[in-house]
K.L.:
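Attaching a single structure in structure tokens format; questions to follow.
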Amino acid sequence: MINRNQAWDLLTSKLSNKNLVRHCLAVEAVMRELAKYFEASADKWGIVGLLHDGDYELSRDDPTKHTLLMHGWLTGMRETDPEILSAILSHNFAHTGKNPPANKLEWSLYCCDELTGLIVAVALVMPDKKLSSVTPEAVMKKFTQKSFAAGAHREQIALCEQKLGIKLEDFISLSLSAMQSISPELGI
Ligand SMILES: [Fe+2]
Ligand SMILES: [Fe+2]
């Protein structure tokens, strides 16, 4: 399995937008916590989170290529772990038609991907614009306010209840604290 340093080098060789790299770091941090919750491999789930959007810039003009480029880069590096390859593909099944989420790892990525964006948006409207000022209650309030950060798909986040068996409030708390633990890297 690709190690964290190799994954980081791959990610940063393919992404130039700092906010996209930060998004990948946020998803990595949440995925590691979710792995611990499910008693799975935090290293593996973290790699999936870190790399899930690594081809975003190079597939921007054609969303049907998003995740397929990363899949190709990883297999080119002799990555063979089926869980990693499948999970990365699964989060863009809506555009590629490949590998719809089918297990806890894949549903975790699918649900937390959108939530990390909502949490960043909530931090940015805090008086000090800091993640440390955000509370789960503040995120919950903005979750119900559909016009706020409308691009963060609420129905995708809310699937945590049905697909992961985690209450929305708890999913928000876990994700927020994971992101707060790396706030210097996230720059907020
Ligand atoms: Fe993506
Ligand atoms: Fe993403």
Side-chain angles (χ1 to χ4, degrees), residues 2 4 7-8 10-35 42 44-75 79 83-124 131 139 142-143 148-160 163-164 171-172 174-176 178-183 185-188:
I2 189 171
R4 212 278 180 178
W8 176 251
L10 174 61
L11 186 79
T12 51
S13 73
K14 303 295 187 185
L15 287 185
S16 57
N17 182 312
K18 204 189 279 182
N19 287 333
L20 265 174
V21 174
R22 286 172 171 169
H23 166 67
C24 291
L25 286 167
V27 175
E28 177 193 29
V30 177
M31 287 296 286
R32 288 187 66 89
E33 280 313 304
L34 286 166
K44 181 182 289 193
W45 288 39
I47 295 290
V48 166
L50 186 65
L51 291 180
H52 82 287
D53 274 345
D55 67 13
Y56 196 84
E57 288 176 5
L58 290 160
S59 63
R60 184 166 278 165
D61 297 334
D62 183 358
T64 64
K65 291 211 175 83
H66 176 40
T67 67
L68 297 180
L69 295 179
M70 177 55 74
H71 186 277
W73 298 334
L74 285 170
T75 52
E79 179 58 63
E83 290 184 318
I84 291 181
L85 296 170
S86 174
I88 289 173
L89 287 177
S90 71
H91 93 275
N92 194 35
F93 78 101
H95 288 110
T96 61
K98 288 186 194 295
N99 293 47
N103 55 40
K104 293 277 191 280
L105 166 59
E106 296 174 352
W107 282 114
S108 291
L109 177 63
Y110 191 73
C111 298
C112 83
D113 193 7
E114 297 289 309
L115 178 56
T116 60
L118 179 65
I119 291 174
V120 169
V122 176
L124 294 177
L131 214 39
V139 179
K142 294 296 190 189
F143 182 93
F148 178 83
H153 297 110
R154 306 320 200 250
E155 66 290 352
Q156 192 167 327
I157 300 169
L159 281 173
C160 66
K163 302 296 183 181
L164 300 174
F171 192 62
I172 287 173
L174 177 151
S175 302
L176 174 62
M179 288 173 64
Q180 285 172 332
S181 74
I182 59 152
S183 55
E185 287 97 315
L186 299 180
I188 48 173

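Whatever order the structure lists them in is the order used to number ligands and atoms, beginning at 1. Since we're looking at a predicted model, the values are computed, not measured. Heavy atoms only: backbone and side chains are in, while hydrogens, waters and symmetry mates are out.
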K.L.:
Taking the Fe ion (ligand 2) as the vertex, what is the angle from OD2 of Asp53 to NE2 of His23, given to 10 degrees?
P.N.:
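Between OD2 of Asp53 and NE2 of His23, the angle at the Fe ion (ligand 2) is about 90°.
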K.L.:
Checking His23 against Asp113: is there a side-chain donor and acceptor pair closer than 3.5 Å?
P.N.:
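Note: Asp113 and His23 side chains meet the donor-acceptor criterion.
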K.L.:
Decide if atom NZ of Lys163 counts as having more than 12 heavy atoms of other residues, nucleotides or ligands within a radius under 6.0 Å.
P.N.:
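Correct, the count exceeds 12.
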K.L.:
For the Fe ion (ligand 2), decide whether His52 has an N, O or S atom at a distance under 2.8 Å.
P.N.:
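Yes, since at least one N, O or S atom of His52 sits under 2.8 Å from the Fe ion (ligand 2).
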K.L.:
Would the number of heavy atoms belonging to other residues, nucleotides or ligands and lying under 6.0 Å from CZ of Phe143 be above 12?
P.N.:
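For Phe143, atom CZ is crowded (more than 12 foreign heavy atoms under 6.0 Å).
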K.L.:
Take the Fe ion (ligand 1) as the vertex and measure to NE2 of His91 and NE2 of His66; round to 10°.
P.N.:
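His91 NE2 and His66 NE2 form an angle of 90° at the Fe ion (ligand 1).
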K.L.:
Using 30° and 60° as the class limits, which term best fits the ring planes of His66 and His91: parallel, tilted or perpendicular?
P.N.:
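His66 vs His91 ring planes: perpendicular.
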K.L.:
The Fe ion (ligand 1) to Asp113: any N/O/S contact under 2.8 Å?
P.N.:
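Short answer: no, not a single N, O or S atom is under the cut-off.
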